[in-house]
Amino acid sequence: MAVTVVFIGKLADLAGEDEREVAAPLSWSGLAGALGDDIAAAAADERIKIAVNGKVLADKTSLSAADGDEVALLPPVSGG
Amino acid sequence: MAVTVVFIGKLADLAGEDEREVAAPLSWSGLAGALGDDIAAAAADERIKIAVNGKVLADKTSLSAADGDEVALLPPVSGG
Amino acid sequence: MPRDVQLLEKGFSPGKALGLFAKAHPEAGGIASFVGKVRPDGDVKVLQLISYDRLTLPGMETLADEVETRWTLDGLLIHHRTGHMRPGAPIVLVAAAARHRRDAFEAVDFAMDHLKSRSWFWKREKRGDGWHWIEPREEDHEDAKRWDV
Amino acid sequence: MPRDVQLLEKGFSPGKALGLFAKAHPEAGGIASFVGKVRPDGDVKVLQLISYDRLTLPGMETLADEVETRWTLDGLLIHHRTGHMRPGAPIVLVAAAARHRRDAFEAVDFAMDHLKSRSWFWKREKRGDGWHWIEPREEDHEDAKRWDV
């Protein structure tokens with residue numbers, strides 16, 4: 001009954017790790033409870049995107065991850 | 001007392017050789033006498049350029065080559 | 001169209017990859033290419049490119065799809081490093097083989113512009129005073145915008 | 001700026017030349033290049049490029065001067081064949097090393113457009129029915145005109 005949350009770049013620095021397992025289901029409103037206020041606040045920044053299983057959400061507040069899903073928090077890309 | 005005339009591309013086909021020595025001096029009006037009517041007629045085509053010692057003449061009728069000069073008759077370039 | 005899109009975790013030789021690419025496309029009239037390297041600027045000691053499995057390579061494939069749609073090519077190669085690189089190391093190689101020169105040029109130019117500003121990479125540099133996150137240069141965004149219709 | 005402009009009478013390996021060029025410019029952030037080959041089209045058996053000593057290489061040097069004036073480069077390479085070539089053989093290699101990608105791209109693009117339409121070469125093809133003189137394609141002229149200010 002877990003969701004894997006992947007932290008990329010600056011957000012991994014903030015989280016202190018590259019990924020974390022949290023209890024399913026995970027919704028936008030449950031982010032602070034699952035990951036802490038700091039990360040939830042960072043995720044709220046308009047430049048941060050969220051992907052579920054490799055699909056970037058057009059509206060991240062629609063986040064709804066179930067058991068086995070992988071949720072990634074994505075800072076702005078730097079390019080190659 | 002000679003001018004070397006170099007024929008390039010189609011003009012070498014017409015002349016039947018790559019170059020020819022002709023008597024110096026060589027002027028535009030003396031071209032037919034020195035090279036024959038066919039080549040002089042071809043040289044008159046507006047797309048044909050003339051270079052003297054590697055310098056392309058802006059006005060080929062100003063041709064005035066002296067002993068030791070190299071005159072080249074240049075068809076339109078094909079590009080590399 | 002045969003294509004070769006790779007996300008590489010180790011160093012590579014662009015010259016060798018280009019040689020193989022040319023051999024694989026004897027029918028092409030021309031091959032345009034670009035090699036991007038870690039610039040030996042200032043006091044950058046290491047560059048780290050971070051990729052995300054679920055997005056980075058799939059994004060490169062999507063880019064290749066778009067290139068193929070826009071231009072008529074005989075072949076396309078996109079190789080991009082991830083991980084830690086030292087100054088002077090190659091980061092990216094893009095090559096396009098085409099019958100017509102302009103197609104090959106534009107395909108490489110377009111792919112590079114998109115890789116530099118819109119691809120799924122995150123970057124940081126280690127300098128004398130530690131690690132710094134890098135965001136794309138405004139110039140790179142402008143380059144990519146040239147292609148937006 | 002170090003540059004390497006050559007008119008070659010024998011076959012050459014663009015991959016090898018590019019590898020040496022990259023080694024010679026470790027400081028460059030990127031290298032753009034283009035390799036043009038004899039297209040294995042139709043029934044062309046041999047392509048002959050004719051050059052004229054007093055104009056062809058000097059013209060290539062003048063082109064290199066112009067490229068250097070227009071763009072900020074770390075290095076420039078222009079190698080062009082003359083003589084007889086078979087289908088698939090390389091005719092031309094242009095490479096530019098630069099700090100900025102756009103400079104490298106535009107320098108190569110510009111040099112190729114000029115080499116293809118305005119350089120001092122005359123060309124003929126041997127087909128099944130003999131030799132045919134070739135004039136530049138209208139497309140090549142148009143490409144070169146893009147740069148006229």
Side-chain angles (χ1 to χ4, degrees), chain A residues 2-22 24-28 31 34-35 38-39 41-60 62-80, chain C residues 5-8 34-38 47-63 78-83 85 89-94 111-125 130-145:
Chain A
V3 170
T4 303
V5 180
V6 175
F7 306 105
I8 305 276
K10 287 179 185 176
L11 293 169
D13 285 354
L14 186 65
E17 57 194 343
D18 288 336
E19 55 179 72
R20 191 181 298 175
E21 306 265 300
V22 302
L26 180 66
S27 67
W28 178 251
L31 219 55
L35 301 172
D38 284 358
I39 293 174
D45 182 315
E46 63 174 13
R47 302 170 72 213
I48 302 291
K49 293 189 165 72
I50 293 184
V52 178
N53 299 329
K55 203 162 157 36
V56 180
L57 302 178
D59 169 13
K60 63 191 172 187
S62 72
L63 173 66
S64 166
D67 185 36
D69 284 347
E70 181 171 302
V71 173
L73 301 187
L74 310 164
V77 294
S78 326
Chain C
V5 178
Q6 295 186 43
L7 184 60
L8 305 167
F34 184 83
V35 178
K37 299 187 289 180
V38 183
L47 176 75
Q48 183 185 10
L49 276 183
I50 292 153
S51 53
Y52 174 48
D53 282 355
R54 304 256 186 144
L55 286 173
T56 310
L57 187 56
M60 288 164 64
E61 294 283 1
T62 302
L63 172 61
I78 302 177
H79 287 182
H80 206 296
R81 274 294 311 276
T82 182
M85 285 152 275
I91 301 173
V92 59
L93 167 65
V94 174
M112 278 306 308
D113 281 349
H114 280 66
L115 286 167
K116 291 301 283 184
S117 67
R118 296 180 180 178
S119 59
W120 295 101
F121 288 101
W122 296 267
K123 189 154 55 179
R124 57 178 190 160
E125 290 175 354
W131 286 99
H132 298 264
W133 291 103
I134 309 295
E135 304 212 346
R137 298 178 305 153
E138 186 50 38
E139 191 181 324
D140 286 323
H141 280 304
E142 292 305 318
D143 285 343
K145 273 187 206 152

Exercise for the section: Assess whether atom CG of Asp18(A) is packed by more than 12 heavy atoms of other residues, nucleotides or ligands within 6.0 Å. Expected result: no

Practice task
Walk me through it: do Ser51(C) and Thr56(C) pass the test side chain to side chain donor-acceptor pair (under 3.5 Å)?
Solution key: CA-CA 6 Å; Ser51(C) 53; Thr56(C) 310; 4.5 Å; no

Handout entry: Contacting region of Asp13(A) [heavy-atom separation from chain C under 4.5 Å]
Key = side chain

Practice task
Considering only heavy atoms and a distance below 4.5 Å, find which of Gly9(A), Ala51(A), Ala12(A), Ala72(A) pairs most often with chain C.
Solution key: Gly9(A)

Exercise for the section: Kindly check if the number of other-residue, nucleotide or ligand heavy atoms within 6.0 Å of CG (Asp45(A)) is above 12? Expected result: yes

Completion exercise
Turns out that what part of Leu55(C) lies under 4.5 Å from chain A's heavy atoms comes down to side chain

Exercise for the section: Give, as side chain, backbone, both or neither, the part of Trp133(C) having an atom under 4.5 angstrom from any heavy atom of chain A. Expected result: side chain

Exercise for the section: Please check if atom NZ in Lys49(A) has more than 12 non-hydrogen atoms from other residues, nucleotides or ligands closer than 6.0 Å. Expected result: no

